[in-house]
*Asks:* 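My questions all concern the structure below.
Proteins come first, then strands; the chains are lettered A, B, ... in the order of their sequence lines, and each starts at number 1.
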2 protein chains.
Amino acid sequence: MGASKTEHFSDKQNQIAAMAKAIGHPARVAILEYLLSVDTCICGDIVNVLPLAQPTVSQHLKELKNAGIIKGSIEGTAICYCLNPDALSVLEAFFAHITININTKKTNCG
Amino acid sequence: MGASKTEHFSDKQNQIAAMAKAIGHPARVAILEYLLSVDTCICGDIVNVLPLAQPTVSQHLKELKNAGIIKGSIEGTAICYCLNPDALSVLEAFFAHITININTKKTNCG
DNA sequence: ATCATTTATCGTAATATTGCAATATTATAA
DNA sequence: TTATAATATTGCAATATTACGATAAATGAT
């Protein structure tokens with residue numbers, strides 16, 4: 001096989017998984033942190049910040065965009081990228097919900 | 001290639017990415033939600049909850065365990081699994097940090 | 001010791017991801 | 001138009017992931 005059986009899971013579960021998967025690569029974590037470190041959008045120097053070739057960076061940006069984590073808009077020759085607050089707040093809520101509920105329960109095994 | 005160039009990124013970035021990647025599959029999101037929905041550990045019925053074969057579920061549990069997201073302990077014939085609050089709070093802090101910082105900045109492109 | 005139960009591992013097939021060179025596309029400038 | 005700059009796409013090789021049948025390992029019960 002090799003393909004996930006997404007049809008067996010809820011839309012919410014698939015959405016969380018898709019976004020987490022998009023962040024599941026150190027280059028893409030680095031992109032998020034970089035976009036967060038500067039004010040608003042970044043127009044055209046993400047490639048220089050990462051230790052990867054331009055096509056590879058372009059591919060990583062595409063995946064983040066497909067998952068809705070970042071947004072991009074054409075600005076002349078360059079493209080401006082920025083974080084998508086909506087997507088990130090969904091993830092934030094998901095993990096906040098988990099940690100809050102863990103703490104209200106008995107401590108665990110292991 | 002096919003292998004991530006983890007050596008070019010920080011330990012923190014690799015750690016966040018590894019944990020996010022582990023959650024980046026709907027079956028593993030479902031496992032997290034199930035472990036959260038019951039009190040403390042779950043001993044031995046995770047397979048019945050998921051629409052996947054037993055070896056597949058075992059593999060998913062292994063990946064969550066390798067990433068530190070869950071913990072497991074042997075309890076007779078069964079194995080008890082539970083969430084690892086430490087790992088999940090790292091992710092929670094990561095996304096909380098992002099969403100807090102987004103909101104203090106100008107709204108973005110796209 | 002034998003059996004039943006539960007979980008893990010092995011082997012394998014299908015598919016996806018990662019990375020980059022080469023090339024194409026798009027937009028601005030001269 | 002031609003050149004320049006920035007980003008995207010294509011094509012490909014190496015590797016990883018997903019899924020499951022078959023089988024193994026470990027524990028408890030009879």
*Asks:* Could you check A/Gly24 against A/Thr77 and say which one's nearest nucleotide on DNA chain C is further toward the 5' end?
*Replies:* A/Gly24
*Asks:* Distance check: side-chain N/O of B/Lys62 vs OP1/OP2 of C/dT7, anything under 4.0 Å?
*Replies:* no
*Asks:* Take B/Pro55 and A/Ile46, find for each the nucleotide of DNA chain D with the closest heavy atom, and name the residue whose nucleotide sits nearer the 5' end.
*Replies:* A/Ile46
*Asks:* Can you tell me the distance, in whole Å, between the CD atom of B/Gln54 and the P atom of D/dA25?
*Replies:* 15 Å
*Asks:* For a quick check of understanding: with a heavy-atom distance under 4.0 Å over all strands, which category does A/Leu52 fall into, base, sugar-phosphate or nothing?
*Replies:* sugar-phosphate
*Asks:* Using whole Å, report how far CG of B/Leu50 lies from P of D/dC20.
*Replies:* 11 Å
*Asks:* Take the protein atom CG of B/Asp45 and the nucleotide atom P of C/dT5, then report the distance between them rounded to whole Å.
*Replies:* 16 Å
*Asks:* Rounded to the nearest Å, what distance is computed from the CD atom of residue B/Glu7 to the P atom of nucleotide C/dG19?
*Replies:* 9 Å
*Asks:* Please tell me if the side chains of A/Leu32 and A/Arg28 come closer than 4.5 Å, counting only heavy atoms from C-beta onward.
*Replies:* no
*Asks:* Is it true that, when you exclude B/His97 itself, more than 12 heavy atoms of the residues, nucleotides or ligands shown sit nearer than 6.0 Å to its NE2?
*Replies:* no
*Asks:* In whole Å, what is the span from the CD1 atom of B/Ile74 to the C1' atom of D/dG28?
*Replies:* 14 Å
*Asks:* Should B/Tyr81 be listed as having a side-chain N or O under 4.0 Å from OP1 or OP2 of C/dT6?
*Replies:* no
*Asks:* Do A/Phe94 and A/Lys12 touch side chain to side chain, with heavy atoms closer than 4.5 Å?
*Replies:* no
*Asks:* Look at the side-chain N and O atoms of B/His60 and state whether any lies under 4.0 Å from the OP1 or OP2 oxygen of D/dA19.
*Replies:* yes
*Asks:* Please examine the side chains of A/Phe9 and B/Leu50, heavy atoms only from C-beta on, and report whether any two atoms are closer than 4.5 Å.
*Replies:* yes
*Asks:* State which of D/dT18, D/dT7, D/dT27 makes the closest approach to the side chain of B/Gln59.
*Replies:* D/dT18
*Asks:* Would you kindly compare A/Lys21 and A/Gly76 by the position of their nearest DNA chain C nucleotide and give the one closer to the 5′ end?
*Replies:* A/Lys21
*Asks:* Looking only at the side chain of A/Ser58 (C-beta and beyond, no hydrogens), which of the listed nucleotides D/dA19, C/dA16, D/dT9 gets closest?
*Replies:* D/dT9
*Asks:* When you get a sec, tell me which of C/dT5, D/dT18, D/dA8 is the closest nucleotide to the side chain of B/His25?
*Replies:* D/dT18
*Asks:* Nearest of C/dT18, D/dG21, D/dT9 to any side-chain atom of A/Glu63?
*Replies:* C/dT18
*Asks:* Using whole Å, report how far CD1 of B/Ile70 lies from P of C/dT7.
*Replies:* 12 Å
*Asks:* DNA chain D: A/Thr6 or A/Val57, which has the more 5' nearest nucleotide?
*Replies:* A/Val57
*Asks:* Tell me which nucleotide among D/dG28, D/dT18, D/dC20 gets nearest to the side chain of B/Arg28.
*Replies:* D/dT18
*Asks:* Round to the nearest Å and state the distance from B/Lys5 atom NZ to D/dA16 atom P.
*Replies:* 15 Å
*Asks:* For B/Asp11, I'd like to know if atom CG has over 12 heavy atoms of other residues, nucleotides or ligands within 6.0 Å.
*Replies:* no
*Asks:* Looking across every strand, which nucleic acid part, if any, lies under 4.0 Å from B/Ser4 by heavy atom: base, sugar-phosphate, or nothing?
*Replies:* sugar-phosphate
*Asks:* Among the candidates C/dT7, D/dA6, D/dA19, find the nucleotide nearest to the side-chain atoms of A/Ala78.
*Replies:* D/dA6
*Asks:* Would you give the length of the straight line joining atom CD1 of B/Ile16 to atom CD of A/Glu33, rounded to the nearest 0.5 angstrom?
*Replies:* 7.5 Å
*Asks:* Between B/Ile23 (CD1) and D/dT17 (P), how many Å, whole number?
*Replies:* 15 Å
*Asks:* Considering only D/dT9, C/dA21, D/dT18, which nucleotide approaches the side chain of A/Ala53 most closely?
*Replies:* C/dA21
